[in-house]
Structure formats: C-alpha cells, structure tokens
Q: 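Right, I'll just put the structure down here and ask away after.
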Amino acid sequence: MFGCSSCLAGRRRGPRIVTTGLDPNCRTHRHEHPDHHYGCKNFKNQREHAARHHIESVVLMMDDKASIPLGPPGAPVSCMARQRSVMGGGDAATDHDQNIPQHLTPSLSVKMYPPSDIKEGWYSGEATVRLKCAIFQASNPLRHVAEIIDDVDRPYLYIATDGGGDHNLTHKSVIISYVALFFLGDLDFLCAIRTPPHLSSVGPWERWMADLNVAMYGVALSVTDPLDENERRRTRRLGSKKAWREAEAAERKKEAEGDTSAMSFVDIAQERNKAAREVLTKRYRSAKHKGEPFRVKEPATDDNVDAVLQALDVVFPTKKPHRDEQISKAKLFRDPEFADFAKSHIQAHQYSFQVKKCGKQDCKYCKAVRSSSFSDLRWMPTPTPAAAGQKYKTFQDTHGDMPTDE
C-alpha cells in the first residue's frame, strides 16, 4: 500500500486531516438528482437478475479515471491535484492549471461471477487497467468492447457503469457497441445499466478506483524528449490534442501521395509517454484490492476497434447504419434492418439496455442458444412504482414484466 503524499510534507503544528482517496467519489454526495432512488433500485434489479442466473452469467463493471496530465520534458505534473509533495518532482512539480496536450487515460474493468445472493461477492473480482494515450487512443464505446471481449466467457453478460459519455445507454455509439458485443460474444442475453448523474458512488467499481487513487499519490510525470532534433522541432508547436491529430492526418495524406519522408506522430506520442506508462504500470501492479493485484494490459488498437464494426457488417450488410457517423439514435432505430432486429431482440430505456436472443430456429440474426436455462430467462424488469409507503415493487413482484419507462 502506498502512503499519502500529504504525509510526506514537513512537520506541522497541531492536527491535520488527510484525505486518502478511500472515500469513493465523496464529491457526488453534494449533488441530488430526481432519479437517484430509481437508479439504486435499477442496479439492485440487475444484481437480483444476475443472481437468479448466476451459474451462466458473468458481470463486467467499467469506468474511466480522470486523464493524467504529462508535463513537458523537465517539468513533471502531479498525477493527483493539490498534492504537497511528489516523488520525482519535489518542489519543481507543477499543478494542473496549464494547457497540457499529453495525457494518459486509465480505463478500469472488473470481471466477476455473480453469487446466488446479492448480499455476497459484489465487491471482489479481477480488475484490469489499460493506459491509453488520450490523443490517439480515444476512450470510446467501440474501444471498450474490443478490450473486454476476451472476458466474455458465459452466455449471459451483465454490464454496470456510471453512465459517462462513453457508457451512456442513450447514445447511439454505445447502443451500436453493445449490439456488436452481443454478436461477437455469441451471447444469449446482454443486460447493461448505468447510474443516474451524481450517483456513481453506489457502484462497486468505485472501490477499485479508490485503490488506484492511492497508488498515484506522490507521483509526478512528464514526457521525454523526442528522439531527434527534427522531431523536437516538429512537436514543439503542437500545443493541443487537436493539433497533434491534424499533424498526424497531414502526414498520412503525404504518405498516401507517395512521400517517403512522412513521420508518424502516433509513434512519437507513444515514445514520449513510454516512461510515464512504465511508472504507472509498476504502481498499479503493486496496488491490491482485497488481496488481489491489479492487472495492466495494453489498450485495443485501431484494428481491434474496426473488427468490432466488421462484426456488424455481416448482420446489417445493406445500408450499414452502424458506420454512418452522422446518423442519430432515432434514425438508427428507423433503419429497416436495425429496426427489424430491434423489435424482437432489444429493450432500450433511459437507464438500461438489453439484448436477448429470440430463441427461434429460423431467426436470421441469432445463432443457436447456448444456455441450458434460456427457457426460464426473462427481461430484467425496470423499477415499477409501488403503492403508498413503498417507492418501488420488489424484484420478485415484477420479474417477468416487460421493461418500461414509467
């Protein structure tokens, strides 16, 4: 376990309160949202549904940490805001109040097998962290799917997230990615939920995030110098992520025109943040949650991401609505091919998204059912208002009901 950097500061007179990062997302306690009770009940319904089918189910909980800034060469930036002392930076470490294009984004995924009782086993599992270059490895829904597909080893998959931009179930890109995951994993059933705004603190994944916070205390990071003078000159003027991406696009255009002198800004960015990734990898692997160490893996490549879309090319070969970046969610569900699949296989609501095989032998979308208990599988019910004195009906009272947005 790593000590808090605040404890490394010089002696002080009188007591001092030290924040260790072990209180998960305490900032969210200051906010309220009308759907908080609904979100808690929705998450409980998912756990009870998974417990009912625990033998053939796997659960994945996902979240991204705030991106970690990497200072310019010789000017490391602290990983955590408002640190008093940092390793490797000392008094020279700078804070976050500056424009820094180079960032690393840690993505967390926790794999667990649900217990038969919701009161057991939801706070332990196999945690994996992937460090992504925020410039060229965007943390988007398709990349998440490409990274977790190897963890899908049972026919029923349950996904729980905090509902950030890359996990918001009302976004078209998230819907497409989960449909692709359904086909790639040959799933019989996929059930994804998200928490309402300011309610991520109820998610078990925040306990792993707190351990990652502790691992980053006392660390300041910077990029390394480019390999040669030409690269140093070319990268000195790139002051934003957009500038880096435009420079890479210009080089790829030159390469397509036959220019053999084209550079790869992707490779330069990876080389510059290599030392920072090695430091964070070592810190993360030393951290533990309930005695289980964190695993650190490489993020998905662009080829892996494209393979996710290719899986949908086979299912929706005519218009390929999943490749239309301009299409809206409403138009996606009006596309003839996608609408035909959705009407008998999808239940999409504000805080839950479910995909289930229809079980028909002549279905042109589904493969054969893998689960032996598929005949007993029902849609996960959404929270249903109860009579006065009780906010929502119990899961047992609503199991078998169709999900609604009431």
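Hydrogens, waters and symmetry mates are skipped; everything else that's a heavy atom, side chains included, is used.
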Q: Taking only residues two or more places apart in sequence, or in another chain, which ones meet His399 in a ring pair (Phe, Tyr, Trp, His ring centres under 6.0 Å)?
A: Phe395

Q: Identify whether the distance between the nearest side-chain nitrogen and carboxylate oxygen of Arg323 and Asp306 falls below 4.0 Å.
A: yes

Q: Under the side-chain hydrogen bond (donor to acceptor under 3.5 Å, both in side chains) test, which residues partner Asp153, sequence neighbours left out?
A: Lys111, Tyr113

Q: Answer with yes or no whether the side chains of His171 and Asp166 bring together a donor and an acceptor at under 3.5 Å.
A: no

Q: For Ser264, which residues count as a side-chain hydrogen bond (donor to acceptor under 3.5 Å, both in side chains) partner, sequence neighbours excluded?
A: Asp267

Q: Restricting to non-hydrogen atoms, name the atom on Gly359 and the atom on Val369 that form the minimum distance, rounded to 0.1 Å.
A: CA-CG2, 4.2 Å

Q: Under the rule for side-chain contact (heavy atoms from CB on, under 4.5 Å), what residues qualify as partners of Thr161, not counting sequence neighbours?
A: Met62, Ile159, His167, Tyr178, Arg194

Q: Checking Glu292 now: which residues fulfil side-chain contact (heavy atoms from CB on, under 4.5 Å) with it, not counting sequence neighbours?
A: none

Q: Quick one: list whatever passes side-chain contact (heavy atoms from CB on, under 4.5 Å) with Ala307, sequence neighbours left out.
A: none

Q: Give every donor-acceptor pair under 3.5 Å between a side-chain atom in residues 339-348 and any protein atom, sequence neighbours left out.
A:
residue, atom, partner, partner atom, Å
Asp340, OD2, Tyr365, OH, 2.8
His345, ND1, Phe341, O, 2.8
Gln347, OE1, His349, NE2, 3.1

Q: Please lay out, stage by stage, how His144 and Ser139 fare under the test side chain to side chain donor-acceptor pair (under 3.5 Å).
A: CA-CA 7 Å; His144 288 313; Ser139 190; 3.3 Å; yes

Q: With sequence neighbours left out, write down each residue that passes ring pair (Phe, Tyr, Trp, His ring centres under 6.0 Å) with His54, or none if nothing qualifies.
A: none

Q: Is there side-chain contact between Asp211 and Phe294, with heavy atoms separated by less than 4.5 Å?
A: yes

Q: Show every salt bridge (Lys or Arg N to Asp or Glu O under 4.0 Å) that has at least one partner inside residues 140-151, sequence neighbours left out.
A: Lys132-Glu147, Arg143-Asp302

Q: Answer yes or no: is there an ion pair linking Lys357 with Asp188, defined by an N-O contact shorter than 4.0 Å?
A: yes

Q: Using 30° and 60° as the class boundaries, would you call the ring planes of Phe183 and Phe316 parallel, tilted or perpendicular?
A: perpendicular

Q: The criterion is ring pair (Phe, Tyr, Trp, His ring centres under 6.0 Å); which residues satisfy it with Phe333, sequence neighbours excluded?
A: Phe338

Q: Does a side-chain N-to-carboxylate-O contact under 4.0 Å join Glu298 and Arg130?
A: no

Q: Apply side-chain contact (heavy atoms from CB on, under 4.5 Å) to Ala386 and list each qualifying residue two or more places apart in sequence or on a separate chain.
A: Gln390, Lys393

Q: Taking the side chain as every heavy atom from C-beta outward, state whether Ser173 and Leu142 have any pair of such atoms under 4.5 Å apart.
A: no

Q: Check Glu248 with Lys253, please: is the shortest side-chain N to carboxylate O separation under 4.0 Å?
A: no

Q: Does the pair Glu231/Arg234 count as a salt bridge with the N-to-O cut at 4.0 Å?
A: no

Q: Show every side-chain hydrogen bond (donor to acceptor under 3.5 Å, both in side chains) that has at least one partner inside residues 324-339, sequence neighbours left out.
A: Thr318-Glu337

Q: Determine, using ring centers only, whether Tyr156 and His49 are less than 6.0 Å apart.
A: no

